[in-house]
Amino acid sequence: MPRPYAAAFYRPAPLRPASTSVDADGATVNHYRITMRQADAQILPRKKTSILGYNGLFPGPTIELEQGTRAVVKVRNQLPKNHPKLGYLMATSTHLHGSATLPEYDGYASDVTPAGFYKDYHYPNFQPARTLWYHDHGVHFTAQNVYSGLAGLYLMHDPVERELLPQGAFDVPLVISDAMFASDGSLGYDDRDRSGLWGDVILVNGRPWPVMKVQPRVYRFRILNASISRSYRPTLSTGDAVHIVATDGGLMPATQSVRNWRHGPAERYEVLIDFSKYRPGQRIELRNLSNPNNRDYDHTNKIMAFDVVAPPSESAMKLDPKWNQIPGTLAGSEVMQLTRGDAEEKRSFRVQRADVGKPWTINEVTWEDVIASNFKLASADPRLGAVEVWEFENKSGGWFHPMHIHLVDFKILSRNGKAPFPYERGPKDVVYVGEGEKVELAMKFGPHKGRYMVHCHNLPHEDHSMMIQFRVGLGEDDPDEHDPISAAPCQPDPDTD
């Protein structure tokens, strides 16, 4: 077992465009190449761990660009034909989580790319600045693929966010995940009869409980929970508040200062921490208070540590004074202006499992039902541009469900009839539906027509088979030029590694 706070902090590698071009309408397009491959990673201090990684890395390389710069990402599947340990066929589907992408590029679960093939994914990047991430979404094996390493960051900037929040070295991504290891250093996988996997080692950017050196100033941390099942309740060891400035879909209307927050799988929270109140040489830990129905171990109450060091010079501290403070007012957005009165329809969804070993369902519908309908079965059919309220209720007992709705950002209207938690009062695409909870969400459907998924982001739940689809602006038998499986199929990969 690795020891907490023995590893140095690591920042995921950036991915540069392989080339750029200009679209017919004058927009810049960045072209990227990513190859999924098996590789050995140095996660543990003395043993290598076999992973499946984008470009052989875990986390995968970070794509970072400006709002309005489009992207075409060629994703090549150069993985083994079968998973090297678990044996299933390694067919993948890449989802850019947080992007309003056309259906054929959204990572639809059954739109898979087998080994030896590639697919070009087109991303419009017109939304406000936000922390996105790309991960595998292959049908029935998303959990194993993401757990094996197929996850990476995609950061989008805009002028408003650039002006308000720390940038560059002081804008720091934290990809938090958990894992269990066999004695030979390989990843262990046990989803406890499809309930979830909770590892005893906490990783940040692929390193166990790392230590980061920080200057006595304000830092921005983009925190992604990339665990396939575990939720966290982060808090500082000093008891001081942190300042949440952005949620899944970007900037909140106003900064929310909290001492801890509940952070489910796939949620992103952007957090400001002011280290100027601490003396050089002081260590501050980011700890985990956990939540009900996790499985906790000796050191899962720790996430990482920060060691405060003296700044390199006083002049360096003065280079960006506007970013070295905690802003109060941030930015409004269309979704955060929605009200219950704007909705033309309300829909209700119950998330549950009848019994151990049975499938997980949403309104008693599974992804197998969708497949059996030849992908016609839709649990909702909002018109293009409609505002609706969706209610999710969890009466399934000993599990929480982070529910993700593709395509849209939403506003949390209520939780158990009360206001949402302060830290979730921003645009979201994942909502934590805790045990016995009922949440109401408001969203506007667009800008694309087509079929998109709704699922639990406890990924063993998604795979077995807590996923449904909705149809925007289409009737069941309408022709669909953006069919998510046939409109942009994968192609044989002529290149070899």
Side-chain angles (χ1 to χ4, degrees), residues 5 7-12 14 59 62 64 98 129-133 151-157 161-162 164-178 202-207 209-227 231-252 255-278 282-289 302-309 320 323-327 330 422-424 426 430:
Y5 311 143
F9 178 76
Y10 165 78
R11 187 174 183 129
T62 300
E64 191 165 1
R130 60 189 58 201
T131 299
L132 306 94
W133 66 302
L153 286 165
Y154 187 109
L155 310 180
M156 188 164 64
H157 296 278
E161 164 268 338
R162 288 272 195 203
L164 285 169
L165 300 181
Q167 304 289 321
F170 308 115
D171 177 4
V172 183
L174 304 179
V175 180
I176 302 176
S177 59
D178 61 334
I202 304 298
L203 305 175
V204 178
N205 297 346
R207 303 294 190 268
W209 301 288
V211 178
M212 178 184 176
K213 297 183 185 301
V214 295
Q215 297 177 30
R217 54 153 296 135
V218 174
Y219 279 74
R220 168 193 189 179
F221 295 99
R222 301 173 183 259
I223 306 179
L224 160 67
N225 178 358
S227 291
S231 71
Y232 299 84
R233 188 177 288 272
T235 189
L236 294 180
S237 57
T238 59
D240 292 321
V242 302
H243 312 281
I244 297 185
V245 292
T247 46
D248 308 328
L251 291 170
M252 307 173 79
T255 299
Q256 301 290 332
S257 298
V258 300
R259 297 190 186 280
N260 61 76
W261 72 97
R262 190 171 64 172
H263 197 147
E267 289 186 296
R268 289 90 67 212
Y269 287 102
E270 297 189 27
V271 176
L272 301 185
I273 300 178
D274 184 0
F275 293 104
S276 67
K277 64 183 72 175
Y278 309 119
Q282 187 172 354
R283 172 168 287 183
I284 298 94
E285 295 179 28
L286 184 63
R287 294 178 178 167
N288 173 30
L289 301 177
K302 305 174 182 70
I303 298 174
M304 67 178 293
F306 306 100
D307 282 350
V308 181
V309 299
D320 58 353
W323 295 330
N324 199 14
Q325 58 188 350
I326 307 299
L330 295 166
Y423 52 81
E424 56 186 7
V430 180

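All values derive from a computational prediction rather than experimental measurement.
- A heavy-atom distance below 4.5 Å is found between the side chains of Pro166 and Leu272.
- In this structure the side chain of Ile176 never reaches within 4.5 angstrom of the side chain of Met304, judged on heavy atoms.
- Side-chain N or O atoms of Glu424 include none that pairs as donor or acceptor with a backbone N or O of Pro422 at under 3.5 Å.
- Taking each heavy atom of Asn225 and His263 in turn, the nearest pair found is ND2-O, 3.1 Å.
- A 4.5 Å side-chain heavy-atom check between Ile273 and Asp240 finds every atom pair outside the cut-off.
- Among all heavy-atom pairs drawn from Val430 and Asp248, the shortest one is N-OD2, 3.1 Å.
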Q: May I have the step-by-step check of side-chain hydrogen bond (donor to acceptor under 3.5 Å, both in side chains) for Thr131 and Arg222, ending in yes or no?
A: CA-CA 7 Å; Thr131 299; Arg222 301 173 183 259; 2.8 Å; yes
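- At a threshold of 4.5 Å between non-hydrogen side-chain atoms, the residues Glu161 and Arg130 do not count as touching.
- Closest heavy-atom contact between Leu289 and Thr235: CG-CG2, 3.7 Å.
- In this structure, the side chain of Arg259 engages the main chain of Gly239 through a donor-acceptor pair within 3.5 Å.
- What you find for Pro210 and Ile303 is that their closest heavy atoms are CD-O, 3.9 Å.
- Val242 places a side-chain heavy atom less than 4.5 Å from the side chain of Trp261.
- Phe306 and Phe275 have tilted rings, their planes meeting at an angle from 30° to 60° on a 0 to 90° scale.
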Q.
I'd like to know whether Leu286 forms a side chain to side chain contact (heavy atoms under 4.5 Å, CB included) with Leu236, so could you lay out the CA-CA distance, the side-chain angles of the two residues, the decisive distance to 0.1 Å, and finally the verdict.
A. CA-CA 5 Å; Leu286 184 63; Leu236 294 180; 4.1 Å; yes
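- Residues Trp133 and Pro59 fail the side-chain proximity criterion, which asks for heavy atoms closer than 4.5 Å.
- The closest donor-acceptor contact from the side chain of Asp178 to the backbone of Ser227 lies at 3.5 Å or more, if one exists at all.
- Side chains of Tyr423 and Met252 form no contact here, defined as non-hydrogen atoms less than 4.5 Å apart.
- Contact of the Leu174 side chain with the Leu224 side chain is not registered, since no non-hydrogen atoms from C-beta on lie closer than 4.5 Å.
- Among all heavy-atom pairs drawn from Tyr232 and Asn288, the shortest one is CA-OD1, 3.4 Å.
- Across all their heavy atoms, Pro327 and Thr255 have their closest contact at O-OG1, 2.5 Å.
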